Every structure is written in C-alpha cells, then in structure tokens.
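Inspection log for the structure reproduced underneath, given as structure tokens.
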Amino acid sequence: MVQASDPYVKTVLSLTGNPEQGNAIFQINCAGCHGWQADGRVGPSLQAVSKRKSRYKLIHQVISGETPPMPKFQPSTQEMADLLSFLETL
C-alpha cells in the first residue's frame, strides 16, 4: 500500500494539479478501458471515484499494477497530481 510518508506521494499531494491536463493524460492512458467520459468499458466507471477512494488509494491504484488487467503506470509527480485533479471533477 502507498504510504503518506512515501516521497512520491508526498510530492504529488504537495502539488496543484491541472484538471485539463489531467483529462489529456486520462484520454491518452485510461480512456481506452474506462471510456472517454470515464463511464466504464473494460475497466469500471470512474464517475465519482474520488468520493469512493482516498487520494492515497487512487495513487496506489494507478502506480501499483496490483489489479489486473490494469497496467502499472509511472506518471511523473505533476502528471499524477493533474490526473487526481481530473478524477476529482468526475
């Protein structure tokens, strides 16, 4: 599990994310499985996901690769902050 003391997580949470940039990252990396509007396809719907999962759990989900078939992603800290900002708009 991703810990709050992890330097990557601490950096991500200290940054201000850009939801428009996060949407672009989502469209390139996630929409193929989660749908263009994050309403689910192969992967589950991500609508209101930030109400169901904490920021820590969302980061872990993206970077861990522990829930196949979702691949392990390694976004930069700013990209992850942007993606979190976008997910919080859903």
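Computed from a prediction, not measured in an experiment: that's the story for all the values here.
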Report all side-chain donor-acceptor pairs from residues 30-43 shorter than 3.5 Å, counting only partners two or more places apart or in another chain.
{"unit_1": "His34", "atom_1": "ND1", "unit_2": "Pro44", "atom_2": "O", "d": "2.8"}
{"unit_1": "Arg41", "atom_1": "NH1", "unit_2": "Gly32", "atom_2": "O", "d": "3.3"}

* Test side-chain contact (heavy atoms from CB on, under 4.5 Å) applied to Phe86 and Asn18, step by step -> CA-CA 7 Å; Phe86 170 69; Asn18 178 325; over 6 Å; no

I want to check something: taking the side chain as every heavy atom from C-beta on, are [X] and [Y] in contact at a cut-off of under 4.5 Å?
{"X": "Gln21", "Y": "Gln78", "answer": "no"}
{"X": "Lys53", "Y": "His60", "answer": "no"}
{"X": "Ile59", "Y": "Tyr8", "answer": "yes"}

* Structure fact -> Nearest heavy-atom approach of Arg55 to Leu13 is NH1-CD2, 3.5 Å

* Donor-acceptor pair, Gln61 side chain versus Leu58 backbone, under 3.5 Å? -> no

* Structure fact -> Test side chain to side chain contact (heavy atoms under 4.5 Å, CB included), reference Leu15, set Asp82, Thr77, Leu84, output is Thr77

Would you please name every residue forming a side chain to side chain contact (heavy atoms under 4.5 Å, CB included) with [X], sequence neighbours left out?
{"X": "Gln74", "answer": "Ile63, Lys72"}
{"X": "Ser45", "answer": "Gln47"}
{"X": "Ser85", "answer": "Pro19"}
{"X": "Asn29", "answer": "Ile25, Phe73"}

* Asked: Excluding sequence neighbours, so at least two apart, what forms side-chain hydrogen bond (donor to acceptor under 3.5 Å, both in side chains) with Asn23?
  ->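 Only Gln27 meet the side-chain hydrogen bond (donor to acceptor under 3.5 Å, both in side chains) criterion with Asn23.
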
